Amino acid sequence: MKISLNWLRDFVDIPAGTDPVKLGELFTLRTAEVEHVENQADMFDKMVIGRIEKISAHPDADKLKVTITDVGKEKLQIVCGGPNIKEGMLVLVALVGAKVKWHGQGDPVVLEKAKIRGVESFGMICAGEEIGLDPTPEGIADLSHLKAATGTPLAAALNKNDVIFDIDNKAITHRPDLWGHYGIAREIAAITGKKLKPLKPKVSFPATAGAKSAAATALSVEVKDKKLCPRYIGVLMENIKIEPSPDWIQKRLLATGHRPINCVVDATNYVMTELGQPLHAFDADKIEGGIIVRTAKDKEEIHTLDDQKRKLTKEMLVIADHKKSVAIAGVMGGANSEVEQKTTRIILEAANFNPSSVRKTATALGLRTEAVQRFEKSLDPNLAETAMDRLCEIILQICPSAKIATPKIDVADFDEKSQKITLNLDRVRGKIGTDIPTKEIVRILVSLEFKAKESTDKKIEVQIPTFRQAKDVSIEDDLTEEIARLYGYENIKPTLPLLPAKVPLENNERKLKHLAREILSKGLGFHEVYNYSFYSLKDIQKCLLPEELHIKVENPLSLDQTHMRLSLIPNMLKNTALNQKNFSQFSIYEIGRTYEDLQEYFPIEEKKICAMIVRGKNTGGNEEDVFSRAKGALENLLSFFATQGLSMRRGESLAPYAHPGKYASYHLKKDDTFIARVFELHPMVAKNYELEDAKIAAFEINFTALATLGRRERKYSPIPKFPGIEFDVSVLINKTVTIEQMLREIESADKKLVHSVHLFDLYEGKNVPEDKKSCAFKIMLQASDRTLESDEMKCVQQEVFTRLQKLGGEIRGLRA
Amino acid sequence: MEKQPPMQDQLTQIEKRALQDINEARDLKSLQEAEVKHLGRKSALTALMSKLKDLSPDEKKKIGPLSNQIKTSITNKFEEKRAQLETIEIEAKLKTEFFDITIPGSAREIGRVHPLAQLQHEVENIFHGMGFTVADGPEIESEYYNFEGLNIPADHPARDMQDTFFVDAKHEAKHGRLVLRTQTSPVQIRTMEKYGAPLRIIVPGRVFRNEATDASHETTFHQVEGLLIDTHISLANLKGIMTEFLTELFKKEVSVRFRPGYFPFVEPGVELDFSCLICTGKGCSVCKRTGWVEFMGAGMVHPNVLKAGGIDSQKYRGWAFGFGLERLAMMRYGIDDIRLFHSGDLRFIKQF
């Protein structure tokens, strides 16, 4: 909201030497954030009125002219391209050092002395848009009408001597009283210790001599829904002459971001901006039979002032006459009752509407106006009357022919008497954490127009002014805030609370998550990525995922973010496609949640880990088995958790994006709980992401389930005292015999002595029959109580050979 | 048979010749040859010593120790000379060898933890050290927990402060619709319901806003919520704890200030700024020349919120805060575009 310093000065004494920036900062520290302070004089710094004395052609450019311009102290040579310049014309001259916008666009730049096509130029003769004024499409702004002396600073010549504070609207959401200059002035008075000048409009209304007097019956107001309209004041004015409003009104309206329209409309906007009470004026001759405040008929239509046809619903409150609706209450007026050039009689409205009704209506219609902004904050019904008085006063002032024809027709049904709060002073001090004296507390409250008296009691009574009690100040905590902020938050000294030194409860899952990160990143070389929690329908299709299991975003921001993720895979495939442009091989992972609708109210959220190993086509011919890498990484990670009871399975808990053959899942033996899967990417999915040239393997972990298992406990087992013996065995065997089968046989060869078996070579291809593979194992024998004899080794070796031969293997290097 | 000189003389000769050869050896190879010649199986010394057994006991007594002594002496000389030659050889090699130390080192790549995860971990550790438990809650939240419970009724203008994503049209009497939580504050109520008072928690988590994105706005970002409830908690304590936290996080003296701020779930409500780390309060472009950096919203928990959480507001009070992790990370690392965090771009991730 824009607030004018000059306007504030109508109500509070702000000394002439006050630095507006400092004042803005103080307001930020005490009341609400001032986002920007715009000093009009600064905007026009180093700009003066000049007179073009002489114009001559530019030697090198047809469209440019060289002028000699009188800027008061001196005469400057200025090159100018404006088509409309004439000798003797008063123009605005930006001197070297002024800030101008080239062609009215972009950020302002500091003007320097320049050579333009070889001719020196000592300033710039400006168009309006180049210095932030109204655009002058004809070229240069002609200021001849100002009759100002050359050299007059532009700000003075244009009467631009105001400072505009831009206050953050969000910071005053709870302060309906701050939506106008008077309320802001009241705060400044309290902050700076000055007195607020009372606002007592001097205006008199015809007496209601008898209910049936002409004056009283000239306007009728009927409120049908008093809950939605606690107060409606109507006044009829006659002898109106519609004219532009005077400069001082227009100037203030423009400074605070309003477009002047005519004296009546401007007066309503002026008083709203001054007091925060939205007001409306109807053309009385277009109102048939008086004002009725009622809810709309279903599907009733109204043509609003912004030239839109709006369809209403029956919850919406309208202002109507006896035939038609003429305004959407608290939102916008109707075109059918608009004040126009020929209007002579007007009905003025100052009302109080139910905030949530106004808000609902505005939201449903998608129509946010300044009136809505104010009504939805809960205005004080008492304000309506003050505003009506002020509105009449202003209209009489700017339209002297006008005459008030009726008394205030005030239909009111509200109880907005001032409420009281008992303040427990010790508790207030305790909450703030500072020992503020009672005297100071009372001083602060009184400065804000609360009523309070100093007392030696531990409790005092505080009466709340009506303009603060609607949804703003209603409990002790609200007053605590008033006291704390005006006491000055900077005066509160930081202290540490006295609390028991108890070890806080540990969040185990979170701790294990950080452990998983350490292992994945630092141990296994994966990089962690973060992705959005949503993806698109296209992603669902590309990953062959079931659309129906997804939770949809009702109001997505873009088509890329329409479904909550059911899997981390789709977004990680996007990461893969992106990173392939810069890296031929990489490994990434994400830890994040997936969301699944299980028909309960709250969806199921599970924490997942998803990791992906990507090897591009050109990684130096080093054909790596990405599946085994992924499997190795997964098992390595799992080994840090209590996963002893885990079994690997084939063909269970398949995922649609996984290669059905190159796939394994891990389940808890005790109850089949799915823990993880490792797989290569389904070729179709790879194709859909144009990743068919890369080798991609991934694993996914249900981290929520894994974390419940906890960390693997470590127990020491003694280091062998006697050396073991190692031997290798190399076998040529059918491809379909699995490594697991062979390992089981080797381990069974001597369950006591076989200490470890390690597959160190696996080969298929050249020199090996097509249906065979060649495997080589390193087998370590170990006894805890003795050094093994070579005979014992030979015995085990023979048993291993026999068992592998039984599986159809041919032991290599074995002499017949 | 030729008359042999006495054995004693032979030994002297052997020693003399051996010493001469050792002396003349110029490199390890010729020394090795000399060693074979003088101490090897076919050497005169070996031959002579093999004859010892044929000597008379008297002579044995004399020649035996002598020959051993001479063998030891020769052996030692060889070792001495070898050590000498080895040193010379290594030094010569060191002098002539060229090694290019600028060849890049080779190592297996270490993966990087996402900068937000790193920062979050640090934040958790600092608060854990001050007795705060890390709590958690759902990201798809009910309107009740996200709004009503936090003193933001339907049709309250404060709902405009946070643009909200709604998901699938589910409706429940108490809970209303489902939203993507716009803040981590719903976990305040959930934790109060679960644990009651006193309470000391932080809640780092993902939140969502339905806002157009640009370099400083994202639909998805991370907040850290804090909540401290006890019988005697004050705003001054909030200043104290946050000063501790920031000083620990940035490893330098940081001060904080309050400004009034409006959040319906706190009263009084404040905005907390901290002293600019770049200019230490003098004013620079980072802090927009104010000397202060906007950091978070906070305040004393509103009695309505305590009530929603089932806590007696006559007995207990406390404060809550919420700050953005991205903002903090951007400040710490000089990142100028918030969208990088969720880009999955390894050119970004690998820098941390």
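Keep in mind that what you see is a predicted model, and the values were worked out from it rather than measured. All chains are named by letter (A, B, ...) in the order of the sequence lines, taking the proteins before the strands, and each is independently numbered beginning at 1.
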Which atoms of B:F341 approach chain A - backbone, side chain, both or neither, heavy atom under 4.5 Å: backbone

Chain A contact via B:S313 - which portion, at a heavy-atom distance below 4.5 Å: neither

A:H514-B:Q120 side chain donor-acceptor pair, cut-off 3.5 Å: no

Interatomic spacing from NE2 in A:H174 to CD in B:E267 - rounded to 0.5 Å: 6.5 Å

Beyond-backbone contact of A:E554 with B:V167, side-chain heavy atoms, under 4.5 angstrom: no

Full working for side chain to side chain donor-acceptor pair (under 3.5 Å) between A:Y532 and B:E218: CA-CA 10 Å; A:Y532 294 118; B:E218 249 292 19; 2.6 Å; yes

Charged N-O contact under 4.0 Å between A:K513 and B:D136: no

From B:L178 atom CG to A:M564 atom CE, the distance as rounded to the nearest 0.5 Å: 10.5 Å

Pi-cation contact, A:F534 with B:R206 (under 6.0 Å, within 45°): no

Contacting region of B:F352 [heavy-atom separation from chain A under 4.5 Å]: neither

Spacing of CD1 belonging to A:I172 relative to OH belonging to B:Y262, to within rounding of 0.5 Å: 12.0 Å

Salt-bridge present (A:R593, B:E139; N to O < 4.0 Å): yes

Centroid-centroid under 6.0 Å between B:H222 and A:Y530 rings: yes

Sidechain-backbone polar pair: B:K239 side chain, A:K493 backbone, donor-acceptor under 3.5 Å: no

Contacts of A:Y489 that satisfy ring-ring contact (aromatic ring centres under 6.0 Å, His included) - sequence neighbours left out: B:F258

Part of B:R257 within contact of chain A (heavy atom distance under 4.5 Å): side chain

Segment of B:S255 engaging chain A (4.5 angstrom heavy-atom cut-off): neither

B:E294 portion near chain A, given a 4.5 angstrom heavy-atom threshold: side chain

Ion pair B:E124/A:R510, N-O distance below 4.0 Å: yes

Charged N-O contact under 4.0 Å between A:K360 and B:D155: yes

ring-ring contact (aromatic ring centres under 6.0 Å, His included) involving B:F274 - partner list, sequence neighbours excluded: B:F250, B:F295

Portion of B:I349 that has a non-hydrogen atom of chain A nearer than 4.5 angstrom: side chain

Side chain / backbone / both / neither for B:H175 at chain A, heavy atoms under 4.5 Å: both

B:L228 portion near chain A, given a 4.5 angstrom heavy-atom threshold: side chain

Min side-chain heavy-atom separation A:L557-B:E211 under 4.5 Å: no

Chain A contact via B:V256 - side chain, backbone, both or neither, heavy atoms under 4.5 Å: neither

Which atoms of A:N424 approach chain B - backbone, side chain, both or neither, heavy atom under 4.5 Å: neither

Contact origin within B:A212 toward chain A - heavy atom pairs under 4.5 Å: backbone

Heavy-atom contact with chain A under 4.5 Å, split by part of B:P204: both

Test item: A:D477 and B:P303 side chains (from C-beta on) under 4.5 Å apart, heavy atoms: yes

Heavy-atom donor-acceptor pair, A:N579 side chain to B:G344 backbone, under 3.5 Å: yes

Contact origin within B:R112 toward chain A - heavy atom pairs under 4.5 Å: both

Gap between atom CG of A:L505 and atom NE2 of B:H128 - 0.5 Å precision: 8.5 Å

Proximal component of B:F166, with respect to chain A [non-hydrogen, under 4.5 Å]: both

Interface moiety of A:T31 toward chain B, non-hydrogen atoms closer than 4.5 Å: backbone

Stacked cation flag B:K350 on A:F586, 6.0 angstrom / 45 deg: no

Basic-acidic side-chain contact under 4.0 Å: A:K581, B:D345: no

Inter-residue atom distance B:E109.CD - A:S521.OG, 0.5 Å rounding: 10.5 Å

Point-to-point distance, once rounded to the nearest 0.5 Å, from CD of B:E141 to CZ of A:F602: 5.0 Å

